[in-house]
Student: 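This is the structure I have questions about; it appears just below.
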There are 2 protein chains.
Amino acid sequence: MSKPTERDIAGIRARQAREDYNLFSRLPAVYAASRSQGQKFLQKGGGLSIVEWRTLWDLHEVGPMTIRDLATIQRADHSLLSRALPEMRRKGFVTMRRDVQDGRQTIVEIAEAGRAAYERAAPVMARRRAALHGVFSEEEIAAFVGYLDRMEEFLRIPIEEFLKEDTVE
Amino acid sequence: MSKPTERDIAGIRARQAREDYNLFSRLPAVYAASRSQGQKFLQKGGGLSIVEWRTLWDLHEVGPMTIRDLATIQRADHSLLSRALPEMRRKGFVTMRRDVQDGRQTIVEIAEAGRAAYERAAPVMARRRAALHGVFSEEEIAAFVGYLDRMEEFLRIPIEEFLKEDTVE
DNA sequence: AGAAATTATATGACTTGTCACGAATTATTT
DNA sequence: AAATAATTCGTGACAAGTCATATAATTTCT
């Protein structure tokens with residue numbers, strides 16, 4: 001690290017420091033860290049994947065619902081669930097049946113093995129949430145979520161809105 | 001939406017509302033929205049991928065650097081860069097050469113086509129950052145980044161730290 | 001100097017997420 | 001009632017990440 005190599009170390013440091021304040025660059029990193037930590041906790045709690053955990057948790061908390069309901073709650077694309085569910089059914093985690101009232105919908109319900117897997121993972125995940133609440137107060141979480149709300153709102157503005165204006169602000 | 005189907009609509013709504021305050025569930029969604037918006041902007045600006053854009057931007061700003069430098073600045077795993085760079089070289093975006101001082105390192109430098117691609121994308125991306133600054137003040141960004149810092153710190157605590165304690169907080 | 005540890009890179013295998021499109025079903029308009 | 005529109009789900013194709021492991025080169029330790 002003392003050898004003079006053909007790059008501008010000070011420039012690199014400076015850029016790094018500046019990028020700390022670039023939200024577009026911070027979000028991927030924070031998300032990746034969150035996913036990674038989540039996967040490790042789940043590993044300790046029986047080996048569920050994140051999608052499996054979220055799905056079992058939702059189904060456990062509110063009962064049977066459609067694929068779309070799950071996607072909406074999880075703020076994810078329906079295709080993610082659509083792809084994960086058949087495997088979960090194979091493992092005996094859930095049952096799936098076509099809705100009688102609306103033939104487009106599939107109703108997903110937690111099953112025996114799913115309940116068992118949930119019970120195994122839940123304590124570890126509860127521990128994680130508790131630890132988070134040891135770091136952030138209620139008010140801080142609300143403030144943080146407020147920023148995320150505003151960020152999300154910004155991110156959902158259709159791109160034309162930005163490019164047509166000649167003056168920003 | 002008025003037909004009574006076999007699921008607890010109120011429960012689903014309630015869960016959705018509660019999940020709004022679950023940071024672990026908000027982060028993926030906000031990140032995904034950011035990525036998606038970024039891709040759309042890049043589409044308008046010549047069709048670079050996100051990794052390509054970040055890399056060209058870094059190289060343009062600070063000059064030649066190693067793969068590790070790029071990964072550090074971008075807060076990403078080096079393998080992401082390691083995989084993306086050969087294709088970028090093929091497109092004439094960058095050159096790569098083994099460092100003479102340290103034979104482990106590869107020095108990446110922006111090339112002609114890379115500079116051109118950067119120039120095409122930069123205005124659009126600058127527009128995006130400007131728009132963001134129309135939504136968040138300097139102080140707000142600092143506060144937001146502060147929360148992200150603390151969140152990231154929390155997320156990097158080794159898992160054993162959580163599980164060994166018998167009482168949280 | 002030689003052994004052991006560290007570091008940089010490449011690569012395989014995997015997860016999470018997107019978008020776009022098609023098929024089936026339901027809802028709305030005319 | 002028929003035509004049109006909207007919604008649900010499945011699936012292909014892809015991007016952006018991770019981790020683990022291997023190899024080569026450099027540093028550090030004894």
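Each chain gets a letter, A, B and so on, in the order the sequences are listed, and its residues count up from 1.
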Student: Report yes if the distance between the aromatic ring centroids of A:F24 and B:Y31 is under 6.0 Å, otherwise no.
Tutor: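 When the ring centroids of A:F24 and B:Y31 are compared, they turn out to be at least 6.0 Å apart.
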
Student: Report yes if a side-chain nitrogen or oxygen of B:T106 is closer than 4.0 Å to either non-bridging phosphate oxygen (OP1 or OP2) of C:dA8; otherwise report no.
Tutor: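 Indeed not, no polar side-chain atom of B:T106 lies that close.
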
Student: Using a heavy-atom cut-off of 4.0 Å across all strands, would you classify A:R68 as base, sugar-phosphate, or nothing?
Tutor: sugar-phosphate

Student: Would you mind reporting whether B:Q39 and B:L42 have side-chain heavy atoms less than 4.5 Å apart?
Tutor: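 With C-beta onward as the side chain, the pair stays apart.
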
Student: Show me the donor-acceptor pairs, under 3.5 Å and distance only, between side chains in residues 79-87 of chain B and residues at least two apart or in other chains.
Tutor:
residue	atom	partner	partner atom	Å
B:S79	OG	B:D77	OD1	2.6
B:E87	OE1	B:R90	NE	3.2
B:E87	OE2	B:R90	NH2	2.9

Student: How many whole angstroms separate atom CD1 of A:I107 from atom P of D:dT8?
Tutor: 13 Å

Student: In whole angstrom, what separates B:D102's CG from D:dT28's P?
Tutor: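 In whole Å, D:dT28 P and B:D102 CG are 12 Å from each other.
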
Student: Nearest-Å distance, CG (A:L70) to C1' (C:dG17)?
Tutor: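 Interatomic distance, CG of A:L70 to C1' of C:dG17: 16 Å.
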
Student: I'd like to check A:I141 versus A:H133 (side-chain heavy atoms, cut-off strictly below 4.5 Å). Are they in contact?
Tutor: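 Touching, per the 4.5 Å side-chain cut-off.
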
Student: Between A:Q37 and A:R128, is there a side-chain donor-acceptor contact under 3.5 Å, judged purely by atom types and distance?
Tutor: yes

Student: Between C:dT26, C:dT7, C:dT9, which nucleotide gets closest to the side-chain atoms of B:R104?
Tutor: C:dT7

Student: Give me, pair by pair, the N or O atoms of the protein and of nucleotides 1-5 of chain D that are less than 3.5 Å apart, along with how far apart they are.
Tutor:
none

Student: Grab the CD-C1' distance between B:Q43 and C:dA20 for me, whole Å please.
Tutor: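 Rounded to whole Å, this separation is 13 Å.
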
Student: For the pair B:R89 (side chain) and B:T95 (backbone), establish whether a donor and an acceptor sit closer than 3.5 Å, ignoring hydrogens and angles.
Tutor: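 Judged by distance alone, no pair lies under 3.5 Å.
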
Student: To the nearest Å, give me how far apart CD (A:E152) and P (C:dG17) are.
Tutor: 13 Å

Student: If you pin A:V100 and B:D69 to their nearest nucleotides in DNA chain C, which one's is more 5'?
Tutor: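 Residue closer to the 5' terminus by nearest nucleotide: B:D69.
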
Student: Are more than 12 heavy atoms from other residues, nucleotides or ligands located less than 6.0 Å from atom CD of B:E153?
Tutor: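 Not buried by this count: 12 neighbours or fewer within 6.0 Å.
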
Student: Whole-Å distance between D:dA15 C1' and B:L48 CG?
Tutor: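 Nearest whole value for this atom pair: 14 Å.
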
Student: For the helix from C:dA1-D:dT30 to C:dT30-D:dA1, what angle separates the axis at the start from the axis at the finish, each from five pairs, in steps of 10°?
Tutor: 30°

Student: Check whether any side-chain N or O of B:R26 sits under 3.5 Å from a backbone N or O of A:V145 as a donor-acceptor pair, and report yes or no.
Tutor: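 Checking the backbone N and O of A:V145 against the side chain of B:R26, no donor-acceptor pair under 3.5 Å is found.
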
Student: Just by modelled atom types, is the B:R68 backbone N or O under 3.5 Å from a matching donor or acceptor in the B:T72 side chain?
Tutor: yes

Student: Please confirm whether the backbone N or O of A:R13 pairs with a side-chain atom of A:Q16, one donor and one acceptor, at under 3.5 Å?
Tutor: no

Student: Using a 4.0 Å cut-off on heavy atoms, which residues in residues 71-97 of chain A reach DNA chain D? List them by number, or say none.
Tutor: A:H78, A:S79, A:S82, A:R83

Student: Apply salt bridge (Lys or Arg N to Asp or Glu O under 4.0 Å) to the pair A:R75 and B:E19, showing each step before the final yes or no.
Tutor: CA-CA 9 Å; A:R75 298 165 173 270; B:E19 284 296 281; over 6 Å; no

Student: Contact class for A:R98 vs. all strands (heavy atom < 4.0 Å): base, sugar-phosphate, or nothing?
Tutor: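 It contacts nothing in the nucleic acid.
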
Student: Please enumerate all residues that pass side-chain contact (heavy atoms from CB on, under 4.5 Å) together with A:A122, with sequence neighbours excluded.
Tutor: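 For A:A122, the residues satisfying side-chain contact (heavy atoms from CB on, under 4.5 Å) (neighbours in sequence not counted) are A:W53, A:Y118.
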
Student: When you compare the side chain of A:V108 with that of A:M65, does any pair of heavy atoms fall below 4.5 Å?
Tutor: no

Student: How many Å lie between CD on A:Q105 and P on D:dG10, as a whole number?
Tutor: 12 Å

Student: May I ask you to list the residues of residues 15-39 of chain A, by number, that have any heavy atom positioned under 4.0 Å from an atom of DNA chain D?
Tutor: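 A:P28, A:A32, A:R35, A:S36, in order of number.
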
Student: Could you tell me the separation between the CD1 atom of A:I50 and the C1' atom of D:dG17, rounded to a whole number of Å?
Tutor: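 Those two atoms, CD1 and C1', are 11 Å apart.
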
Student: Angle class for the A:F136/A:F144 ring planes (parallel below 30°, perpendicular above 60°, tilted otherwise)?
Tutor: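 The rings of A:F136 and A:F144 sit tilted, inter-plane angle from 30° to 60°.
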
